[in-house]
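We use all heavy atoms of the structure for the numbers below, so side chains are in, but hydrogens, waters and symmetry mates are not. Throughout, a chain's letter reflects where its sequence line sits, starting with A, and its residues are numbered from 1.
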Number of protein chains: 2
Amino acid sequence: MYAFCNFVIPMRKTHITIHDIARELNVSASTVSRALQDHPRISEPTREAVKRVAAKYNYQPNVVASSLRKGSSKTVGVIVPRINRNFFSKVIGGMEELLAASGYHLMICQTHEKLGNEVSAIQTLVNARVDAVMLSISMETFNYEHIRSLPERGIRLFFFDRAAGDIQTGSVVVDDRLGAYLSVLHLLEQGYRKIMHIAGADRINIYKKRKQGYLQAMHEAGIEVPSSWIMERNQVQEGGESAFSSSIKIKPEAFFCAGDFAALGVMQAARKAGLNVPRDLGITGFANEPFTAFIEPSLTTVDQRGAEMGSMVAGMFLKCEEEDTTSDTCEQKVLEPELIIRDSSVIHK
Amino acid sequence: MYAFCNFVIPMRKTHITIHDIARELNVSASTVSRALQDHPRISEPTREAVKRVAAKYNYQPNVVASSLRKGSSKTVGVIVPRINRNFFSKVIGGMEELLAASGYHLMICQTHEKLGNEVSAIQTLVNARVDAVMLSISMETFNYEHIRSLPERGIRLFFFDRAAGDIQTGSVVVDDRLGAYLSVLHLLEQGYRKIMHIAGADRINIYKKRKQGYLQAMHEAGIEVPSSWIMERNQVQEGGESAFSSSIKIKPEAFFCAGDFAALGVMQAARKAGLNVPRDLGITGFANEPFTAFIEPSLTTVDQRGAEMGSMVAGMFLKCEEEDTTSDTCEQKVLEPELIIRDSSVIHK
DNA sequence: AAACATTGTGCAATCGATTGTACGCTTTTT
DNA sequence: AAAAAGCGTACAATCGATTGCACAATGTTT
């Protein structure tokens, strides 16, 4: 057994612990622990000696042990539909910036819009004893039992962008209705009247809100919207293409799309059909995906201010930590989206 | 103090532990632990009783405690320059798929190409006692001390896409030289001769390889490449624009760009200058960012097979875990990139 | 000078799960 | 029938850091 150990030790070199430091200085481990935390009852010489030895061996505290004892892991779980959506990676960036500065790290999970993945991600994060979960619910999520289990277990919960309506907790969302309203208002100002809407699934709150904004703007402009002007499609390229082709006989003047990818689909289908965008057809999207700036013509869209959203959610959490309050006392904030006007909707005279 | 506790207890409801289960069944905690792990020495009735009670209370093992005892956290750290680059999010997706199936979770850190962030990310992951670190080094990383500390502490290390050349460990990279070679070969086949290269910083390995591939293809075609044909630029839009404008008097026939964003810059500048792409100027990029398929004309580029890369790295790690070997015994795999031919480089006759 | 306050440190319990060893009981072997 | 083997469970130590309490040594008050 000893001989075997000789092979194992060099490969799994053990980390330095406070006990190693304590032994070297002939003090107790508790003194080392306190010295490293600048506890006032530790004398200046001892504190310095401890820190010197710790630095010498590049001591790294074992956060696993510390988490276990303190019941806090200094880790925050983030659950997003997918990280490669520009908006979500912006949000994560915003969170990371604030949280890293306060010594927290992020554990990021993707649901790919599947409820099953969301449930298991929450389980994972509970097991890891994260201090909080930042969640943007998946499109399949209509049952909230798994989400409710978080506050029940003392884990703070915050929603961003997509909230589960009836759970009372801190959240930051963007005013989707307003974003849609501004976008459609802009199309109206450009002279487009027969504006159709490629909507997302109505059971998804954000899409419902976008539709409401569309209807409000049209209503205020005194335009009656027949139900055929609203087409529910998956917010992907094919959705836009299919919507365009089934709308041809209505001869729409513009499209307000609930997502950038659908808008892209419309644009490509329209150009293939020989239409000039924006002259023959105005198009606006939603989300400000990076490609919207690069395509020809560039796409008017709505920015959801992901980075700010991320840092606001992180800020809420840090405030809770500081004041030792639960997340259900936090506010529900609503950010104003920003309309980015580009070429796909502006008629040059 | 007691009164205060009354307020605190309902908010921080304690998690169920094996001791709670043990008490309810009048067995010891070790029996519960073994029963849950299907240890053969636990009798069938006991095992079932334990599992029933565990399910009743929705018991979730505390992985923090388990990690501390077992010295393994079932967590893998991933360090990437930025998660919103399509390639990296694909890699992460590929890793996640395999690792989640084996019960591992991911801790994702971004360096934003800064060495300082890389150092602190590694520190974070060491503290969290991750079982392995998957690393794609930042552009600023030329000192590898912080990276070497990982295997020294018994943490497995794997590189993907960008490896630190002199560290012996498992890695999966794409053959950048070959990708560049194929891309330039394709331009040559299309009849372009005066092909310029917008290179990345030469001290970055991937960019150096891409330049080598370019030179090899040109050389084999018998074309002498004056140094003015190679322009080193940041691989962003502005880099491409600036390269284009300073190349005008050379009258290039095509550009092979080391990145998609630089290619985009070239394309936009060229069109602004009244050139037709691909007729007057062929353009190819590198990375297969999603926007490359949407722009007009669509951009020929090289796909780095991120998802496969991610799952290969994850597979290497799982194999190490299974066989209990260190990561320095693993192979250095090289993936063949795929040339995606689109409109920006194909001259229709 | 006795009583008290302050300072610096160590002891030991704790967080929750894991695991080597021991022990009592039953079954099998000789 | 005695010895050996197998089974099922409990005990206690362990992972590393934290923290309430105890206690000795020193300083301050009356």
Using a heavy-atom cut-off of under 4.0 Å over every strand shown, decide if [X] touches base, sugar-phosphate, or nothing.
| X | answer |
| --- | --- |
| B:Ser28 | base |
| A:Ser30 | base |
| A:Thr46 | sugar-phosphate |
| A:Asn127 | nothing |

NZ/NE/NH1/NH2 to OD/OE distance under 4.0 Å, [X] and [Y]:
| X | Y | answer |
| --- | --- | --- |
| B:Lys51 | B:Glu48 | no |
| B:Glu322 | B:Lys319 | no |
| B:Glu96 | A:Arg82 | no |

I'd like to check [X] versus [Y] (side-chain heavy atoms, cut-off strictly below 4.5 Å). Are they in contact?
| X | Y | value |
| --- | --- | --- |
| A:Phe158 | A:Val133 | no |
| A:Asp131 | A:Ile155 | no |
| B:His105 | B:Leu99 | no |
| A:Val78 | A:Ile92 | yes |

Q: Can you see which heavy atom on A:Thr169 is nearest to which on A:Gln332, and at what distance?
A: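 Closest approach of A:Thr169 to A:Gln332: O-NE2, 2.7 Å.
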
Q.
If you apply the rule side-chain contact (heavy atoms from CB on, under 4.5 Å), what do you find for B:Asn62 with A:Arg129, and how did you get there?
A. CA-CA 7 Å; B:Asn62 185 331; A:Arg129 296 298 190 268; 3.4 Å; yes

Interatomic distance, [X] [atom1] vs [N] [atom2] [rounded to whole Å]:
| X | N | atom1 | atom2 | result |
| --- | --- | --- | --- | --- |
| B:Glu44 | D:dT9 | CD | C1' | 16 Å |
| B:Ile42 | C:dT18 | CD1 | C1' | 13 Å |
| B:Leu36 | C:dT19 | CG | C1' | 15 Å |
| A:Leu68 | D:dT19 | CG | P | 12 Å |
| A:Gln37 | D:dT18 | CD | C1' | 7 Å |
| A:His39 | C:dT7 | NE2 | P | 12 Å |
| B:Leu25 | D:dA10 | CG | P | 10 Å |
| B:Arg47 | D:dC7 | CZ | P | 13 Å |

Q: Please determine if a side-chain N or O atom of A:Ser43 lies less than 4.0 Å away from the OP1 or OP2 oxygen of C:dT9.
A: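 Yes, A:Ser43 has a side-chain N/O under 4.0 Å of OP1/OP2 on C:dT9.
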
Q | B:Glu308 and B:Lys90: CA distance, side-chain angles, deciding distance, salt bridge (Lys or Arg N to Asp or Glu O under 4.0 Å) verdict | A | CA-CA 9 Å; B:Glu308 282 135 294; B:Lys90 282 265 174 64; over 6 Å; no

Q. Could you go step by step and tell me if A:Glu145 and A:Ser149 meet the side-chain hydrogen bond (donor to acceptor under 3.5 Å, both in side chains) rule?
A. CA-CA 6 Å; A:Glu145 279 324 299; A:Ser149 74; over 6 Å; no

Q: Using the closest heavy atom to pick a nucleotide of DNA chain D for each, name whichever of A:Ser33 or B:Arg69 lands nearer the 5' end.
A: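 Checking each residue's closest nucleotide, the 5'-ward one belongs to B:Arg69.
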
Please list, pair by pair, any protein nitrogen or oxygen found under 3.5 Å from a nitrogen or oxygen in nucleotides 21-23 of chain D.
none

Q. Does anything in residues 50-66 of chain A reach DNA chain C, meaning a heavy atom under 4.0 Å, and if so which residues?
A.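 Nucleic-acid contacts, sorted: none.
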
Q: Have a look at the helix from C:dA1-D:dT30 to C:dT30-D:dA1 and give the angle its two end axes make, five pairs each, rounded to 10 degrees.
A: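 Both end axes considered, the difference amounts to 50°.
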
Q: Take A:Val32 and A:Ile21 through the test side-chain contact (heavy atoms from CB on, under 4.5 Å) and record every step on the way to the result.
A: CA-CA 7 Å; A:Val32 174; A:Ile21 299 175; 4.0 Å; yes

